[in-house]
Amino acid sequence: MTYVPLLDLLRCPETRQPLTMAEPDLIARLNERIRAGQLQNRAGRPVSQPIDGGLMREDRQCLFPVREEIPILLIDEAIPL
């Protein structure tokens with residue numbers, strides 16, 4: 001049996017591009033903007049909860065938030081970068 005990491009299987013639900021873990025400094029900058037009320041998701045709603053991490057699309061145009069170790073892979077919840 002071959003072991004395949006889950007991250008290797010995950011894809012962007014919109015474009016099917018591979019996803020990679022976002023760097024900690026990017027998450028810190030996004031959380032600063034969340035605390036300041038300056039960040040909106042793809043649906044145009046303010047992001048109000050800090051994120052623990054994120055999965056970034058290969059083209060680095062958006063990030064899917066991770067909260068409590070659960071990736072939120074919904075197009076409207078993606079954060080444009």
Side-chain angles (χ1 to χ4, degrees):
M1 177 175 221
T2 303
Y3 171 74
V4 178
L6 181 59
L7 186 56
D8 290 347
L9 300 175
L10 293 177
R11 296 287 184 257
C12 170
E14 180 180 29
T15 66
R16 302 291 182 228
Q17 292 178 49
L19 300 171
T20 58
M21 293 297 296
E23 301 87 19
D25 61 320
L26 173 60
I27 299 304
R29 288 194 312 269
L30 291 173
N31 278 327
E32 285 175 22
R33 291 183 61 203
I34 290 168
R35 282 190 290 279
Q38 301 172 338
L39 196 64
Q40 293 184 342
N41 62 22
R42 289 274 305 270
R45 292 187 302 268
V47 179
S48 58
Q49 297 178 10
I51 58 176
D52 302 324
L55 297 176
M56 201 167 22
R57 215 165 57 186
E58 187 175 58
D59 65 6
R60 302 182 65 87
Q61 295 300 304
C62 73
L63 175 135
F64 294 93
V66 174
R67 290 191 181 93
E68 298 180 19
E69 299 183 22
I70 300 171
I72 313 299
L73 296 177
L74 301 171
I75 295 169
D76 284 349
E77 294 296 321
I79 298 170
L81 300 174

side-chain contact (heavy atoms from CB on, under 4.5 Å) for Leu63 and Ile27? Distances and angles first, verdict last. CA-CA 10 Å; Leu63 175 135; Ile27 299 304; 4.2 Å; yes
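- Remark: Arg16 pairs with no residue by the salt bridge (Lys or Arg N to Asp or Glu O under 4.0 Å) rule, at least two apart or across chains.
- Under the 4.5 Å side-chain contact rule for hydrophobic residues, Ile72 and Met21 do not share a cluster.
- Annotation: side-chain hydrogen bond (donor to acceptor under 3.5 Å, both in side chains) contacts involving residues 17-29, sequence neighbours excluded, comprise Thr15-Gln17, Gln17-Asp59, Asp25-Arg29.
- When atom types are taken as modelled, the side chain of Arg11 and the backbone of Asp8 share a donor-acceptor pair closer than 3.5 angstrom.
- Counting non-hydrogen atoms of neighbouring residues, nucleotides and ligands closer than 6.0 angstrom, the CZ atom of Arg60 reaches no more than 12 such neighbours.
- Side chain of Arg42 to main chain of Cys62: no donor-acceptor pair is present (N/O by atom type, distance under 3.5 Å, no hydrogens or angles).
- If you chain together hydrophobic residues whose side chains sit under 4.5 Å apart, Val66 and Ile34 never meet in one group.
- Cluster annotation: Leu55 and Ile51 are assigned to distinct hydrophobic clusters (Ile/Leu/Val/Met/Phe/Trp/Tyr, side-chain heavy-atom contacts under 4.5 Å, transitive).
- With a 4.5 Å cut-off on side-chain heavy atoms, Leu73 and Leu19 count as touching.
- Interatomic distance, Asn41 CG to Asp76 CG, rounded to the nearest 0.5 Å: 7.0 Å.
- In this structure, Arg67 CZ and Glu77 CD are separated by 7.0 Å, a value rounded to the nearest 0.5 Å.
- Across all their heavy atoms, Ile75 and Pro13 have their closest contact at CG1-CG, 4.0 Å.
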